[in-house]
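Scroll down for the structure; my scribbles are underneath it.
By convention in this document, chain letters (A, B, ...) are assigned in the order of the sequence lines, proteins followed by strands, and residues within each chain are numbered from 1. All heavy atoms count here, side chains included; hydrogens, waters and symmetry mates do not. All values derive from a computational prediction rather than experimental measurement.
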Amino acid sequence: MADERGQTDLWETPARADATPAERALIVDVDGFEGPLDLLLALARTQKVDLARISILALAEQYLVFIEELRRLRLELAADYLVMAAWLAYLKSRLLLPEPEKGEEPSGEEMAAALAFRLRRLEAMRDAAARLVNRDRLGREVFSRGAPEPVELVRRSAYAATLYDLLTAYAAQRQRQMVSVVHVRRRQVWSLAEAREILTRMIGRMAEWTPMEVFLSPYLARDEIRTTVLASAFSASLELVREGKLELRQEEAFAPLELRDRIRPVPAAGEGGDG
Amino acid sequence: MAEEEDDDGVAAPLAPEEQGLALRMVEAMLFAAAEPLAAAEIAARLPSGADVAALLAELRAVYRTRGVNLVRVAGKWMFRTAPDLAFLLRRDAADQKRLSRAALETLAIVAYHQPATRAEIEEVRGVSTSKGTLDVLLETGWVRMRGRRRAPGRPVTYGTTEAFLVHFGLDSIGDLPGLDELKGAGLLDGRIPPGFTLPEPRAPDQLADDEDPLDPEDLLAAGLRDE
Amino acid sequence: MAEEEDDDGVAAPLAPEEQGLALRMVEAMLFAAAEPLAAAEIAARLPSGADVAALLAELRAVYRTRGVNLVRVAGKWMFRTAPDLAFLLRRDAADQKRLSRAALETLAIVAYHQPATRAEIEEVRGVSTSKGTLDVLLETGWVRMRGRRRAPGRPVTYGTTEAFLVHFGLDSIGDLPGLDELKGAGLLDGRIPPGFTLPEPRAPDQLADDEDPLDPEDLLAAGLRDE
């Protein structure tokens, strides 16, 4: 019901024009019109003939009278209406006066035909709009399912990877890992300081010649450090010999190195004899 | 169509009980959907070998006399209530914004003349189009900006949307009421007879750079003194 | 019930053609309703004399075998997709995703070293593995939790699935290339230190000697079992 009222509202203006064909009714003002073409169409309808057979001359006359009336009433008019009035006055003169020689200008008849075309086209569009809105429109006359059952979208991730990707990734990381293994296995070195510390601990306990390997034995057991232990211990022993703390001998080439205290402990009775 | 598929060996036609299931599936899909469904969308969910066109035709026939009808809009399919039951369902709620006469006219011009530029719309209506009118139409979702006319100024062109077809129950733009007669009468050519110079509509406050506002008295005098 | 109303003389029963219209009205109302409708609500919009209960019963019977059924929920009426067609209301959407490098590496380690615990994976990779990485792999369906290592902390062991073999086109996990093949393919360069080995991949379905079956909670946590 509200809709029906709305419908009339929308089409009120032409309805009013039709319902009150008297030109006088139109003369109130132009507020109800959407521009001069709309006004012309409303005036044309008062001629009560098919737009195709309308008298453009009579229509121009009507329009000019209408505008004159408004002017007399000192009503303000939009420029569009005045431009149209000027043009129609010109058209009227062209239609009334004998046609000049064929020139560049369109003839009065052609101008009138063009105006008639535009009026017909505007009216056709109005009719089309009316037919459109009077269709069974979704949500007004016809309805879709009120409670549609939504389709649940089950999002699933599909992962893409090829065997090549997989193998490349595996090989690459194992390769990286090899590099780190080498770092961990850096060669172990027994420093001179370490060797000297061990030997120094022995000083005072080696009254007799003792093969160096005997007291290094706990360290020599590990193959990977055997060489470095021997080398460092030999160097350290030379140092200690130079410092006068040890004596060092070797019976022949590659024979075991033997160590003994340089300062031999005197018997307990002779303690402090050397000072 | 089913036979054609058969011959192609694409898929064997459905057995009768499968046929029944397929019909129920189409029915359920269309009933559940909030939007019209394309035949292809429906077909995608049917067992292979199902003849969607035939199923849709059968369903349409089944529902033709019912309170709910199967209709084709915008090239797609949807169930909607039968038009003669509008009295029963018409919603009083003012949730549907009413379009002004100007907006409706503009909508019709866009629909019948598309693609149409604003200048072309104004030419038909003989009046300048307020910014709001096109905005309202764009907001309804029935009109969209289509592109730009390859012409000086590259004006935007407007056309209608799928929502327009669905709302007005049209299968395609070609089904616009009276389209053929309008075409036949040459009213959609957009071509005014050559040499025609009717004053163009122009927004009152918008004058070109080389224009001054008209003096109403001048015009009146000039226009009416000829008489 | 219809008779009852008859006897009461509340309203004359509907003529047959009115009956048909009333049925269509009920159908349209239920179709267009956003909420289930009570019989009373429907009756209020029907011509007087209509037997709503009978109409609803008839409509229910009409739709009983269709793709859409008329059902009664909480004392009200609504159309609903037939239960056996509920699958039509689910649609799978697959997002194509690429595995991150971390995920690929982890996957490769699981494949070669399975059954592998997270700590073992980290030992091989030399970096810690985020929880997310293993979750992604479980989501791919290529990696599964196999059991728990019989060791302090009872860590979960991971292994590959049949889907893994299918996806990567492997007949068995033993088909994964070994050291020489990787070298031959140029994936490992020549500077391989002595003592470097690749495990021989194998994925026995049975648990290894040092593996226990998973605890029930493990399955729940991984979403592998419905509550």
Side-chain angles (χ1 to χ4, degrees), chain B residues 14 16-38 40-47 50 52 55-56 58-71 77-93 95-96 169, chain C residues 14 16-37 40-48 50 52 54-71 77-94:
Chain B
L14 299 180
E17 69 279 9
E18 285 176 324
Q19 192 73 20
L21 176 64
L23 194 72
R24 291 178 66 236
M25 287 171 74
V26 176
E27 188 178 31
M29 275 188 256
L30 285 166
F31 240 83
E35 306 287 329
L37 294 180
E41 290 175 81
I42 297 169
R45 315 216 68 202
L46 291 179
V52 191
L55 289 168
L56 285 166
E58 184 179 345
L59 211 53
R60 172 141 76 168
V62 166
Y63 277 92
R64 198 184 301 281
T65 58
R66 310 289 295 266
V68 172
N69 303 150
L70 181 59
V71 295
W77 296 85
M78 74 181 296
F79 275 120
R80 56 176 212 193
T81 56
D84 68 311
L85 299 177
F87 71 93
L88 180 69
L89 301 163
R90 188 163 289 163
R91 281 171 199 166
D92 307 326
D95 53 350
Q96 291 257 351
Chain C
L14 299 180
E17 69 279 5
E18 286 175 322
Q19 191 72 20
L21 176 63
L23 195 70
R24 293 177 66 238
M25 287 169 72
V26 175
E27 189 178 31
M29 269 190 265
L30 284 165
F31 174 84
E35 306 281 332
L37 293 180
E41 290 174 85
I42 298 169
R45 312 184 75 174
L46 291 178
S48 64
V52 191
L55 289 168
L56 284 167
E58 184 178 347
L59 210 54
R60 172 140 78 167
V62 166
Y63 277 94
R64 195 182 303 282
T65 58
R66 311 299 297 265
V68 171
N69 303 150
L70 183 58
V71 297
W77 296 85
M78 69 184 293
F79 277 120
R80 201 166 59 189
T81 302
D84 66 318
L85 298 179
F87 70 91
L88 288 170
L89 300 178
R90 289 167 57 92
R91 202 152 300 182
D92 289 346

request  = Please flag which part of Leu59(B) lies under 4.5 Å from any non-hydrogen atom of chain C: side chain, backbone, both or neither.
outcome  = side chain

query = Considering only heavy atoms, which portion of Phe87(C) lies under 4.5 Å from any heavy atom of chain B: side chain, backbone, both, or neither?
reply = both

query = Most heavy-atom pairs under 4.5 angstrom with chain B, which of Leu88(C), Val26(C), Leu89(C), Leu21(C)?
reply = Leu88(C)

key: Contacting moiety of Leu30(B), where chain C heavy atoms sit under 4.5 Å   = neither

key: Exercise: identify the closest heavy-atom pair between Ala28(C) and Gly67(B)   = CB-O, 3.5 Å

inquiry  = Going by the rule side-chain hydrogen bond (donor to acceptor under 3.5 Å, both in side chains), which residues pair with Arg24(B) if we only count those two or more places apart in sequence or in a different chain?
reply    = Asp84(C)

request  = Tell me, out of Leu23(C), Thr65(C), Leu46(C), Asn69(C), who's got the most heavy-atom pairs with chain B below 4.5 Å.
outcome  = Thr65(C)

ask   = Is the CD atom of Glu17(B) crowded by more than 12 outside heavy atoms at less than 6.0 Å?
value = yes

Partners meeting side-chain hydrogen bond (donor to acceptor under 3.5 Å, both in side chains) with Arg45(B) (sequence neighbours left out) = none

key: Phe31(C) and Thr81(B): CA distance, side-chain angles, deciding distance, side chain to side chain contact (heavy atoms under 4.5 Å, CB included) verdict   = CA-CA 7 Å; Phe31(C) 174 84; Thr81(B) 56; 3.7 Å; yes

